[in-house]
Structures are given as C-alpha cells and as structure tokens.
Amino acid sequence: MEVAADLLKKMEESYKTFSKGQKRIANYVCENYDKAVNLTAARLGSIVGVSESTVVRFATELGFKGYPQFQKALEEIVKNRLNSIQRMALTNDRVDQGHIADSILRGDYENIKQTLDELNKEEFNNAVDAICRARRIYVVGGRSSEVLARFFYYYLNYIFENVKMVSTNSLAESMEDVHRINDQDVIIGISFPRYSMDTVRVMEFCRRRRAVGIALTDSAASPMVEYARYNLFAESNMASIADSLVAPMSVINALITALSLKNKEKVTETMRTLENIWEEYGVYKTSQDEEE
C-alpha cells in the first residue's frame, strides 16, 4: 500500500527513465487519474497510443503485481484527492443516470462483497477481545463518519457501562474528552475518505497515551492505520458527493453482535430491564395500542 500512496510521486521521480510509450501513459494518468481509474489496460493503451502489454509492463515496473493492483492504487488516489465538486463531476461519468438506483445499490453490494472477502478475521476477533477487556471505551468519528460512531456508541451502551462518545465539535473538546485515557482503555476511531484530520489527531494523542487503538477505515493507506493496534477495513468507494457507508455499517453490526454474544448474560439482563421500562413508559408503539 506504500506504493499506492506514493504512486504519482513515484511516476514523477521515474519519468526520465521511462520509454516514450511509458511517458505517454504517465502523462495521461497524472493528468486524468479520475478517468484512468475506470479504464482497462487495453483501453488506456488505446487512448495514449501504446499496446495493452506496454500498459501492463508499466504497472509491474512501478512495483505492482499487475494492472488490477495499479488500478486499485488509482482508486485510493481518487478517494483521497477529489473534492466534492470533482466527485460530483465523476458521478456523471460513472453512474448510468437512467438507472441511478441500480447503479448505487450495485455499488454498495460490491463494497459489502469486497469487505466480506478481505476482512481480517483475526484482527476482528482481537478487536472484540480488546473492547471486552477495556476499562473505558472511547468512540470517535468526525464529519460523515460521525453517524457511524454514534450508531456504534448507541449499541455499545447496551453492552457496557464504560462507554464515552468523543465530541467532534472542536479539536479542543475532543482532547478534553480523552485527556484521561491510558493503557487500560480502548479508543475506536472511525474515518473514511476524505479523512477527518481531527479524528486522526485524536488517535495520535491516544497512541501516545498507550491506549489500544482500533481503526475502522478503508485501507492500509489510511492515516488512521499508523495509530491503531488493530485495523478493520471496509470498502466505501462511491462516485458521489455522499460517502458509501453501507459496508462500514455492516462491520459495526458484526462487532455489536460479537460483543453481545461475548457478554450474553449481562446483555440479556440489560435488555430485560429496558423492555420493562419501554413498556411502562410507552416508548414504542405496539399492536395492543392499535386495538385500544
């Protein structure tokens, strides 16, 4: 993933050593990486006037096993570098505007499928164990990831008594919320492209305080990875101004379920108490209410 993170820089540094054909590929990719990401090796070669095999060799000489890995690196660049206006323009190219719902739902399906195929089960289990052992559990997620953090925090409170949602109103408030964190605690940081730098800074601070960091993010190229002991990756790729959070939400659901089963008796007793409260105070509408 280091190669992916430095792809454009590496092409620039190696430019003088490229053949004429390779220079044409590099020029096109550097100037049009948002378009190149969707091109097959044959199509990219056709556009710049070289053979498909030249494109594949270009990818391998940059350190990739093949063109698909090169294309994956381009996807990382697109996710991390495009601003909202550029992402909106990319939507026009990627999405079939006659079948928008189909395109978006299919994209979410592919994100979940890829997450399922690539999720590290050992990291997942280690993260669950770390949360169960923690004296205090902190959850932080800024910008669009805040909805994920609040959802996770909501259900963690059904399982544990020691959960704290870190404020993301300002970096100062965030730091105040975690100023007592230490090596007996866990910090769960959630961030997806475009990454919230405040969330990254909170994770960095907690790492210095020797807390166990758990990152839910999109890839090993994420800045969150450096400050986490356990990393859970979920695909969020979406050509839209709205982030695709379906796969990350599925990973959170899996964590909640695993944590509930690890604390089955305690959670059952908690839910029994809450059900009585909800019924007494009419929190939820029931079929009996309709009959009355």
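Values below: every heavy atom of this structure, side chains too, minus hydrogens, waters and symmetry copies.
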A.B. asks: Can you confirm whether Tyr15 is buried at OH, in the sense that more than 12 heavy atoms of other residues, nucleotides or ligands lie under 6.0 Å from that atom?
C.D. replies: yes
A.B. asks: Does the side chain of Asp218 come under 3.5 Å of the side chain of Tyr195 through a donor N or O and an acceptor N or O?
C.D. replies: yes
A.B. asks: With Met249, which of Leu245, Asn253, Val246 fulfils side chain to side chain contact (heavy atoms under 4.5 Å, CB included)?
C.D. replies: Asn253
A.B. asks: Would you say Phe152 and Ile112 are hydrophobically clustered, going by side-chain heavy atoms of ILVMFWY under 4.5 Å?
C.D. replies: no
A.B. asks: Do Thr199 side-chain atoms and Gly142 backbone N/O form a donor-acceptor pair below 3.5 Å?
C.D. replies: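 Side chain of Thr199 to backbone of Gly142, a donor-acceptor pair under 3.5 Å: yes, one is there.
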A.B. asks: CD1 of Ile159 to NZ of Lys262: how many Å apart, nearest 0.5 Å?
C.D. replies: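 The NZ atom of Lys262 is 12.5 Å from CD1 of Ile159, to the nearest 0.5 Å.
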A.B. asks: Tell me whether Lys121 at atom NZ has more than 12 heavy atoms from other residues, nucleotides or ligands lying less than 6.0 Å away.
C.D. replies: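 Check passes, neighbour count above 12.
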A.B. asks: Please check if the number of heavy atoms outside Arg180 that lie under 6.0 Å from its CZ is greater than 12.
C.D. replies: no
A.B. asks: Side-chain heavy atoms under 4.5 angstrom apart, residues restricted to Ile, Leu, Val, Met, Phe, Trp, Tyr: same cluster for Ile131 and Tyr230?
C.D. replies: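 As far as the 4.5 Å side-chain criterion goes, Tyr230 and Ile131 are connected within one cluster.
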A.B. asks: Nearest 0.5 Å, please: how far is NZ in Lys113 from CD in Glu110?
C.D. replies: 6.5 Å
A.B. asks: Apply the test side chain to side chain contact (heavy atoms under 4.5 Å, CB included) to residues Lys264 and Ser260: give CA-CA distance (whole Å), side-chain angles for both, the deciding distance (0.1 Å), then the verdict.
C.D. replies: CA-CA 6 Å; Lys264 186 176 180 180; Ser260 297; over 6 Å; no
A.B. asks: Side chain of Asn125, backbone of Glu122: donor and acceptor closer than 3.5 Å?
C.D. replies: no
A.B. asks: Taking all non-hydrogen atoms of both residues, which atom of Ala41 and which atom of Glu52 are closest, and how far apart?
C.D. replies: CB-CG, 3.9 Å
A.B. asks: Do you reckon Val186 sits in the same ILVMFWY cluster as Tyr155, going by side-chain contacts under 4.5 Å, direct or chained?
C.D. replies: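 Yes, same cluster.
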A.B. asks: If only atom types and distance count, is the side chain of Glu235 paired as donor or acceptor with the main-chain N or O of Thr115 below 3.5 Å?
C.D. replies: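 It does not hold such a pair.
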A.B. asks: Do Tyr227 and Ile187 come within less than 4.5 Å of each other through their side chains, counting heavy atoms only?
C.D. replies: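 No. Closest side-chain heavy atoms not under 4.5 Å.
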A.B. asks: Report yes if the side chains of Val267 and Tyr158 come closer than 4.5 Å at any heavy-atom pair, otherwise no.
C.D. replies: no
A.B. asks: For Val212, is there any backbone N or O sitting under 3.5 Å from a side-chain donor or acceptor partner on Arg229?
C.D. replies: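 No; judged by distance alone, with no hydrogens or angles, the pair does not exist.
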A.B. asks: Given the rule in the ring pair (Phe, Tyr, Trp, His ring centres under 6.0 Å) test, do Phe18 and Phe58 qualify, once you have shown the distances and angles that lead to the verdict?
C.D. replies: CA-CA 9 Å; Phe18 289 158; Phe58 176 77; 5.3 Å; yes
A.B. asks: Can you list everything that forms a side chain to side chain contact (heavy atoms under 4.5 Å, CB included) with Glu269? Sequence neighbours excluded, please.
C.D. replies: Arg272, Thr273
A.B. asks: Could you see if Val202 belongs to whatever hydrophobic cluster contains Met197? Use Ile, Leu, Val, Met, Phe, Trp, Tyr and a side-chain cutoff under 4.5 Å.
C.D. replies: yes
A.B. asks: Is it true that the side chains of Asp177 and Ser167 contain a donor and an acceptor less than 3.5 Å apart?
C.D. replies: no
A.B. asks: How would you list all residue pairs meeting side chain to side chain donor-acceptor pair (under 3.5 Å) that involve residues 137-149, not counting sequence neighbours?
C.D. replies: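 Found Arg136-Tyr138, Ser144-Asp243, Glu146-Arg150.
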A.B. asks: Determine, step by step, whether Cys132 and Asn263 satisfy the side chain to side chain contact (heavy atoms under 4.5 Å, CB included) criterion, reporting the C-alpha distance in whole Å, the side-chain angles of both residues, the deciding distance to 0.1 Å, and the verdict.
C.D. replies: CA-CA 8 Å; Cys132 289; Asn263 298 270; 3.7 Å; yes
A.B. asks: Indicate yes or no: does Glu226 engage Arg208 in a salt bridge with an N to O separation below 4.0 Å.
C.D. replies: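 Salt bridge flag = no for Arg208 with Glu226.
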A.B. asks: I'd like to know if the side chain of Thr217 reaches the main chain of Phe192, judged simply by a donor and an acceptor atom lying under 3.5 Å from each other, with no hydrogens or angles considered.
C.D. replies: no
A.B. asks: Nearest 0.5 Å, what's the CD1-CD distance between Ile277 and Glu279?
C.D. replies: 11.5 Å
A.B. asks: How far apart are the closest heavy atoms of Ala36 and Val29, and which atoms are they?
C.D. replies: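 The pair with the smallest heavy-atom distance is CB-CG2, 4.3 Å.
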A.B. asks: With the side chain counted from C-beta on, respond yes when Leu255 and Leu232 share a heavy-atom pair under 4.5 Å apart, and no when they do not.
C.D. replies: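 Leu255 vs Leu232: side chains touch.
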A.B. asks: So how far is it from Phe70 CZ to Phe64 CZ, rounded to the nearest 0.5 Å?
C.D. replies: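 Rounded to the nearest 0.5 Å, the CZ-CZ separation comes out at 6.5 Å.
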A.B. asks: Measure the shortest side-chain to side-chain distance between Thr268 and Met271 over non-hydrogen atoms and say whether it is less than 4.5 angstrom.
C.D. replies: no
A.B. asks: For Gln71 and Pro68, indicate whether the former's side chain and the latter's backbone hold a donor-acceptor pair under 3.5 Å.
C.D. replies: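 No: the side chain of Gln71 does not pair with the backbone of Pro68.
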A.B. asks: Please answer whether the main-chain N or O of Gln22 pairs with a side-chain N or O of Ser19 as donor and acceptor at a distance below 3.5 Å.
C.D. replies: yes
A.B. asks: If you apply the rule side chain to side chain contact (heavy atoms under 4.5 Å, CB included), what do you find for Leu44 with Tyr67, and how did you get there?
C.D. replies: CA-CA 11 Å; Leu44 176 56; Tyr67 185 75; 3.8 Å; yes
A.B. asks: Rounded to the nearest 0.5 Å, what separation is found between the CZ atom of Arg135 and the CD1 atom of Ile181?
C.D. replies: 9.0 Å
A.B. asks: How far apart are the closest heavy atoms of Glu173 and Asn169, and which atoms are they?
C.D. replies: OE1-ND2, 3.5 Å
A.B. asks: Of all heavy-atom pairs between Ala127 and Ile214, which one has the smallest distance, and what is that distance?
C.D. replies: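 Looking at all heavy atoms of both residues, the closest pair is O-CD1, 3.7 Å.
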A.B. asks: Could you check whether any side-chain heavy atom of Leu261 comes within less than 4.5 Å of a side-chain heavy atom of Thr257, counting everything from C-beta outward?
C.D. replies: yes
A.B. asks: Flag the pair Val200 / Met203 as yes when at least one side-chain heavy-atom distance between them is below 4.5 Å, and no otherwise.
C.D. replies: no
A.B. asks: Quick one: closest heavy-atom pair of Ala59 and Gly66, and the distance?
C.D. replies: CB-O, 4.0 Å
A.B. asks: Please step through side chain to side chain contact (heavy atoms under 4.5 Å, CB included) for the pair Leu171 and Arg201, ending with a clear verdict.
C.D. replies: CA-CA 8 Å; Leu171 183 58; Arg201 292 186 183 103; 3.7 Å; yes
A.B. asks: Measure the shortest side-chain to side-chain distance between Leu62 and Met11 over non-hydrogen atoms and say whether it is less than 4.5 angstrom.
C.D. replies: yes
A.B. asks: Quickly, which of Tyr154, Tyr153, Phe160 forms a side chain to side chain contact (heavy atoms under 4.5 Å, CB included) with Leu156? Name it, please.
C.D. replies: Phe160
A.B. asks: Please answer whether the main-chain N or O of Val50 pairs with a side-chain N or O of Thr54 as donor and acceptor at a distance below 3.5 Å.
C.D. replies: no
A.B. asks: Out of curiosity, does Val166 fall in the hydrophobic cluster containing Leu148 (side-chain heavy atoms, cut-off under 4.5 Å, transitive links)?
C.D. replies: no
A.B. asks: Has Asn120 got a side-chain atom pairing as donor or acceptor with Glu123's backbone, closer than 3.5 angstrom?
C.D. replies: yes
A.B. asks: Give a yes or no answer on whether the side chain of Lys16 reaches the backbone of Ser14 with a donor-acceptor pair at less than 3.5 Å.
C.D. replies: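 No.
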A.B. asks: Check whether any side-chain heavy atom of Ile188 lies under 4.5 Å from a side-chain heavy atom of Val140, and answer yes or no.
C.D. replies: no
A.B. asks: Just to verify, which of Ser236, Ser250, Ser244 counts as forming a side chain to side chain donor-acceptor pair (under 3.5 Å) with Asn111?
C.D. replies: Ser244
A.B. asks: What's the shortest heavy-atom distance between Ile25 and Val48, and which atoms?
C.D. replies: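 In this case the closest contact between Ile25 and Val48 is CG1-CG2, 3.9 Å.
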A.B. asks: Using 0.5 Å steps for rounding, measure from the CG atom of Asn231 to the CG atom of Asn126.
C.D. replies: 11.5 Å
